[in-house]
Amino acid sequence: QVQLVESGGGLVQPGGSLRLSCAASGRIFSIYAMAWYRQAPGKQRELVASITSAGITNYVDSVKGRFTISRDNAKNTVYLQMNTLKPEDTAVYYCNAEIVVTTKTPTGYYWGQGTQVTVSS
């Protein structure tokens with residue numbers, strides 16, 4: 001019943017900015033960590049940024065200083081603000097969330113369907 005829906009992707013020129021959003025809905029007791037991954041054609045999926053329920057963040061080196069991950073726990077939503085975008089940032093970006101559906105179930109990991117980010121002139 002849990003669903004993650006991403007939005008905010010699109011085409012942007014190098015140096016531009018985008019903000020991705022991912023909203024979780026459905027049967028949710030609690031959300032622990034949330035993260036953004038990306039996957040370019042022919043490449044493996046890469047962890048871009050993560051954030052714990054307490055707001056502790058982590059970033060892959062290639063986006064440090066340019067991307068900011070944040071979350072709104074009341075809305076079950078995670079964001080990725082992407083600034084100074086580069087062509088190498090082009091990929092499908094996927095939201096991931098560590099979710100406890102009920103107190104009687106173990107933690108599960110859920111994925112969004114992905115949103116395309118293209119950085120090109």
Side-chain angles (χ1 to χ4, degrees):
Q1 294 183 356
V2 175
Q3 183 178 20
L4 302 181
V5 179
E6 302 105 330
S7 63
L11 175 64
V12 65
Q13 293 185 342
S17 298
L18 287 173
R19 190 180 78 150
L20 306 182
S21 299
C22 173
S25 62
R27 184 179 175 87
I28 298 172
F29 175 74
S30 182
I31 302 178
Y32 293 159
M34 303 185 82
W36 288 97
Y37 289 74
R38 66 186 180 188
Q39 187 166 25
K43 297 183 179 180
Q44 64 183 30
R45 189 168 297 184
E46 172 189 41
L47 175 62
V48 178
S50 64
I51 183 168
T52 70
S53 59
I56 300 172
T57 60
N58 191 34
Y59 301 90
V60 67
D61 287 344
S62 61
V63 308
K64 288 182 178 178
R66 300 189 298 119
F67 291 11
T68 302
I69 188 171
S70 61
R71 63 191 289 169
D72 185 335
N73 292 331
K75 297 181 179 179
N76 288 337
T77 300
V78 63
Y79 306 93
L80 185 66
Q81 178 66 47
M82 304 184 294
N83 298 326
T84 318
L85 283 161
K86 304 175 181 180
E88 66 185 79
D89 296 318
T90 296
V92 177
Y93 283 70
Y94 297 91
C95 176
N96 179 267
E98 180 186 16
I99 296 175
V100 176
V101 176
T102 73
T103 58
K104 299 180 178 64
T105 59
T107 299
Y109 296 88
Y110 299 84
W111 291 93
Q113 294 184 345
T115 184
Q116 177 70 48
V117 172
T118 302
V119 185
S120 177
S121 299

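Note that the structure is a prediction, hence the values are computed from the model and not measured.
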Q: Return each pair, listed once, that meets ring pair (Phe, Tyr, Trp, His ring centres under 6.0 Å) where at least one residue sits in residues 41-99; pairs must be two or more places apart or across chains.
A: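 For residues 41-99, and leaving out neighbouring residues, there are no ring pair (Phe, Tyr, Trp, His ring centres under 6.0 Å) pairs at all.
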Q: Less than 4.5 Å apart, any side-chain heavy atom of Arg45 and any of Trp111?
A: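 A side-chain contact exists here, since the closest heavy-atom pair is under 4.5 Å.
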Q: Taking side chain as C-beta onward, heavy atoms only, is Val78 less than 4.5 Å from Cys95?
A: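 Of all side-chain heavy-atom pairs linking Cys95 with Val78, at least one is under 4.5 Å.
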Q: So which heavy atom on Ser17 is nearest to which on Asn83, and how close?
A: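 Closest approach of Ser17 to Asn83, heavy atoms only: OG-OD1, 2.9 Å.
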Q: Does a side-chain heavy-atom distance below 4.5 Å link Ser62 with Glu46?
A: yes
Q: For a 4.5 angstrom cut-off between non-hydrogen side-chain atoms, does Arg71 reach Asn73?
A: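 The answer is yes, as the side chains (C-beta and beyond) meet within the 4.5 Å cut-off.
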Q: Atom CG in Asn58, atom CG in Leu47: separation rounded to 0.5 Å?
A: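 These two atoms lie 7.0 Å from each other.
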Q: Indicate if Tyr109 and Leu4 have the same hydrophobic cluster label, given that clusters are the connected sets of ILVMFWY residues with side-chain heavy-atom separations under 4.5 angstrom.
A: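 Different hydrophobic clusters.
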Q: If you define the side chain from C-beta out and look only at heavy atoms, does anything of Asp89 sit under 4.5 Å from Arg38?
A: yes
Q: If Ile, Leu, Val, Met, Phe, Trp and Tyr residues are connected whenever their side-chain heavy atoms lie under 4.5 Å apart, and connections chain through other members, are Val12 and Leu80 in the same group?
A: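 Shared cluster, yes.
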Q: Could you grab the distance from atom CD of Gln116 to atom OG1 of Thr90, nearest 0.5 Å is fine?
A: 7.5 Å
Q: Just how far is it from atom CD of Gln81 to atom OG of Ser21, taken to the nearest 0.5 Å?
A: 9.5 Å
Q: Kindly compute the distance separating CD1 (Ile99) from CE (Met34), expressed to the nearest 0.5 Å.
A: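 Reported to 0.5 Å precision, the distance equals 6.5 Å.
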Q: Side chains of Ile28 and Gln1: does their closest heavy-atom pair fall under 4.5 Å?
A: no
Q: Closest approach of Leu85 and Leu18, non-hydrogen atoms and distance?
A: CD1-N, 3.9 Å
Q: Measure the CD-SG distance between Gln3 and Cys22 for me, rounded to the nearest 0.5 Å.
A: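 Output value for this atom pair is 10.0 Å.
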Q: For Val92 versus Gly114, what's the shortest heavy-atom pair and its separation?
A: CG1-CA, 3.8 Å
Q: Considering all heavy atoms of both residues, which atom of Val100 and which atom of Thr107 are nearest to each other, and what is their separation?
A: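 Residues Val100 and Thr107, closest heavy atoms: CG2-OG1, 3.7 Å.
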Q: Measure the spacing between CD1 of Ile69 and OG1 of Thr52 and express it to the nearest 0.5 Å.
A: 10.0 Å
Q: Check whether more than 12 heavy atoms from other residues, nucleotides or ligands sit under 6.0 Å from atom CD of Gln113, and answer yes or no.
A: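 Result for CD/Gln113: open.
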Q: Are Tyr110 and Ile31 connected into the same hydrophobic cluster when the rule is that any two of I, L, V, M, F, W, Y join if their side-chain heavy atoms are below 4.5 Å apart?
A: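 They do share one cluster, since a chain of ILVMFWY contacts under 4.5 Å joins Ile31 to Tyr110.
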Q: Quick one: closest heavy-atom pair of Thr102 and Arg27, and the distance?
A: CG2-NH2, 3.0 Å
Q: Within the 4.5 Å heavy-atom criterion, are Leu20 and Met82 side-chain neighbours or not?
A: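 Yes, at least one pair of side-chain atoms sits under 4.5 Å.
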Q: Which pair of heavy atoms, one from Gly9 and one from Val117, lies closest together, and at what distance?
A: CA-CG2, 4.2 Å
